[in-house]
*Asks:* 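Before I ask anything, here is the structure I am working with.
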Amino acid sequence: MEGLSTVDAKRELLQVLESERARIPVAGHLDIRSHLSRALLGTTLCVVVLQIINGAYLVSRGTPIQTRGIACLVEAILLVVSLLITWRVVARETRLEARELDGRLREVARELRGWRGGYADLRLGPQPTVTTYTVRRDGAWRDMPTLLVANGDVVRLVAGDVAPCAMTECATGAELLQGQQLKIDSPVLCWARETPLQAHVAQIAQHHRRTGRSVLQNQMRAVARVISTRVLPFIACGSLASNIVIFGVVYKYRHMGVEAILGQTTSSIFPFACALLWPILWVAARTYASANSVVLFDALQRSKTEYEDMADIDEFDVDALPPTKDVRVGIRDVVAHMRWMWTMCDHRNLSRSSNLAETLGAITVICSIDKEGTIAEPVCTPEQIVVPDEQDYAVLDLAEPDLAEPQSGFIADIGWQRFLPVLRPLALACAHDSGVCAMAPNSAHRRARALRGPTATQTACLCRVARGVGFTSSDLANYHVERVAMVTAPKRSASFVATVVRTTDAQSLHVLSDGNVELILGACLDYFDGTRVCALDDRTVAMYYALYLNALQQDLQCLAYAYRPLRLPPNVEWLFDSSSKVPARVELRVDNEDESQDQVVDDEFGSVDLPAHLTQAARLAQLRAKPRVTDTSGDVDYSPDMLTHLATEENLLRDAVTEQIFLGLITFTYEPKTDVCDFIEDLDIAGIRFVYFSASGGRQSKSFADRLGLETDWNTCILLSSADGAQDIGYVEDHDIKARLPRGIHNIREHLRDVDDIPLQVSLFAECTPSATREMIEIFQENGEVVCCMGSALAANTLTFAVCDLAVGVEPIPHFNRAKDVLLDHENDGSMSTPGALVTQYALGAALTCIPCPLFLQHDTSLYTLMQVVSEARWMVG
């Protein structure tokens, strides 16, 4: 099945964009039919009429008062001209504002039309913040963002995937609904029967709304309302009354009544009529402020210098100003961009519809709706190594990498060298997974040889561990990788990778495995403590299983390692043909799903509910169930008769991944991005609250929030999911403290009305769904907060972006706009400002996801960029 070509897919996507983009309504902020506009217009017309009457009367009287009459007529004409100019500016501004979103869709369509089929192959593995599908395009399998899947595409789905649209299984013809999660044993091929982009644009049309009036606009409207309803009538009536009195008492010339009463009254309210020009001044000021913010934001992103504190700042001063980047923004650049914004539709930054400068200056809440790639690194990094230590285990903390001394110790614990015997085989497995690469520490490099795994830990590079133990590239030359097998358990959505390596000298075979802790423990009968191989009994398995569960509760990822020698008889030609330099890759499915009850195992650490298939009895029973043919020599694991019984290499691999020796665990964590923790701390000093919406449970969310520097004690975390069962009373008692907090998004408003404003003060919300996150943002806005939302540009965040006051799309993975087969003739900044700048499928998918976003942060851009732009906008709007 060849699927679609890039040309056919582009045609389908362009057709959807052209047919759906016109359905997105955008209302302007300048309403010429509002009460305020009518009051201002009425005042101006009244002054014009009075000036014409007074002028005509004075002209008719002849000299010498004719000059004053001509001046009144000129003033009336100037007011009429000002009225027409203001009307023209306001109408043009309203029209350009209404066309911004449509203009952005047009630009995305233009980029899509000019796309030269550049595909980036990042191989970072699955990530929660990057939603992609494996699609057949141009005769090859490509990773494709959801919004670039087209009607007629052939999509490969695996267990746990969610159908991006209505689909049909190619083999069985079964129908799949959009959003349906697959529970399958093996990958299936499906036809896409519709284009997800169509429903996506329709949802934007349904949920998108203009940004609410800014704080400055509300203040201006309040002042103008007071002036038009109170001050102006008082001055007009008072002036008219006083002029009548003065005319009756003071004036001797009764023929001057028109000028004395109407003329003087008109002069008193004439300044209010001149206020007709304020929309022009406001549009000019807003355009300049927005241009200044955009130019500064772009300059900060292009600059490669680091953020630094000012020279006179004390680093221990908690109230010190945040670090800044010394970037010079020329007035010519600002004026040039202002001139472009004045006449053109700002499709790039949506400055009109988002009230860009005013919203930036009024932000009170900055929230993150994603973790990986947004406020944390996209690839998890190893944190601890757990190795057997006789009857117990030892936890070794990995040291921070030293850029100046790459060969420095990689374990922080003193005396860790005594664990080298057990660390060496574990590091050998890491070396074969990642290679001994020369990348910089903490960079987002990936493992070199492993199959794409279902978890982020199986795509993390572990070259630090290999180098720390002493392995080099020359050491790896002594091993040849024969086979790489992905062993999966679909019902548990788990897997591990087994690598069969052959030594070049002794020609011996070894199986090195790493992956899901539960599967690895189920495949092991023994463990190695550095001196001897011991039986893996129930107590030991329960000890490691409890450690694994505790790590998950602390928002850590785990990877287990195992090993076994593979002794085969000589001269078996059909096994592991090494004529090819590229190792063969196979996928194996294991069925160790025991439906019996879990077994409770007690030790000094407490009781552990050990899954039944991990008990020693179950593992030995699985071993006895295998067919065995005794070998008289005893020097091989598989006799010729047994190899004949297994018949195929795949069956041999399925048998070889069992009876392994457990080596230990490595725990991983998602480290916050550079400057994120300091950024959050400085936000609090600036009077801006940082809020993190987490999809994880309470404990996992608190663990990551603690690494961010957020408060995690009492009254700091609210669960937005509903409690299961009939006992949902809207409150939950925190597991760590005796605090009662509202539980479920449907109880937040009631709590705010009847109890207190705790939900408006906390910085952490857990168990969040996209719909709950959107509703919580709306609750913030209902209570006067101005919300800025940051999220991944490659996740399903568009509707959340559409409801907040200011949305910032973040590039979740590095270099996602670089394709090897596409060369550019110009400097590519990855934005739509440069024709042909979006060169990969990821960049196009991000542009479609970030349709409502005025700002877009590149992956390596510090969040201090946003803070510096906010600070500048605050200064601009006063």
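Because the structure is a prediction, the values reported are computed rather than measured.
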*Asks:* What heavy-atom pair brings Cys558 and Ala551 nearest, and what distance separates the two atoms?
*Replies:*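 Scanning both residues completely, I find the closest heavy atoms to be SG-CB, 3.5 Å.
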*Asks:* List the atom of Ser792, the atom of Asp370, and the distance in Å for their closest heavy-atom pair.
*Replies:*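 Distance-wise, the nearest heavy atoms are N-OD2, 2.7 Å.
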*Asks:* For Asp555, is there an ion pair with Arg699 - N to carboxylate O distance below 4.0 angstrom?
*Replies:*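 Salt bridge flag = no for Asp555 with Arg699.
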*Asks:* Tyr544 and Phe662: aromatic ring centres closer than 6.0 Å?
*Replies:* yes
*Asks:* Are side-chain N/O atoms of Thr129 and Glu372 paired as donor and acceptor at under 3.5 Å?
*Replies:*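 Not at all, the side chains of Thr129 and Glu372 share no donor-acceptor pair under 3.5 Å.
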*Asks:* Do NZ/NE/NH1/NH2 and the carboxylate oxygens of Arg532 and Asp526 come within less than 4.0 Å?
*Replies:*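 Salt bridge: no.
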*Asks:* Provide the closest heavy-atom pair for Pro164 versus Thr146 in the form atom of the first, atom of the second, distance.
*Replies:* CB-CG2, 3.8 Å
*Asks:* Under the rule for side-chain contact (heavy atoms from CB on, under 4.5 Å), what residues qualify as partners of Ser696, not counting sequence neighbours?
*Replies:*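 Result, side-chain contact (heavy atoms from CB on, under 4.5 Å) vs Ser696: Ser694, Gln700, Ser701.
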*Asks:* Regarding Asp161 and Arg156, does a basic nitrogen lie under 4.0 Å from an acidic carboxylate oxygen?
*Replies:*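 Salt bridge: no.
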*Asks:* Determine the minimum heavy-atom distance between Thr168 and Glu175, stating which atoms define it.
*Replies:* OG1-OE1, 3.3 Å
*Asks:* Of all the heavy-atom pairs spanning Thr531 and Phe528, show the shortest one and how long it is.
*Replies:* N-CE1, 3.8 Å
*Asks:* Out of the candidates Gln554, Gln384, Arg707, only one should pair with Thr669 under the side chain to side chain donor-acceptor pair (under 3.5 Å) rule; please name it.
*Replies:* Arg707
*Asks:* Of Thr499, Leu566, Val501, Leu428, which meets side-chain contact (heavy atoms from CB on, under 4.5 Å) against His510?
*Replies:* Val501
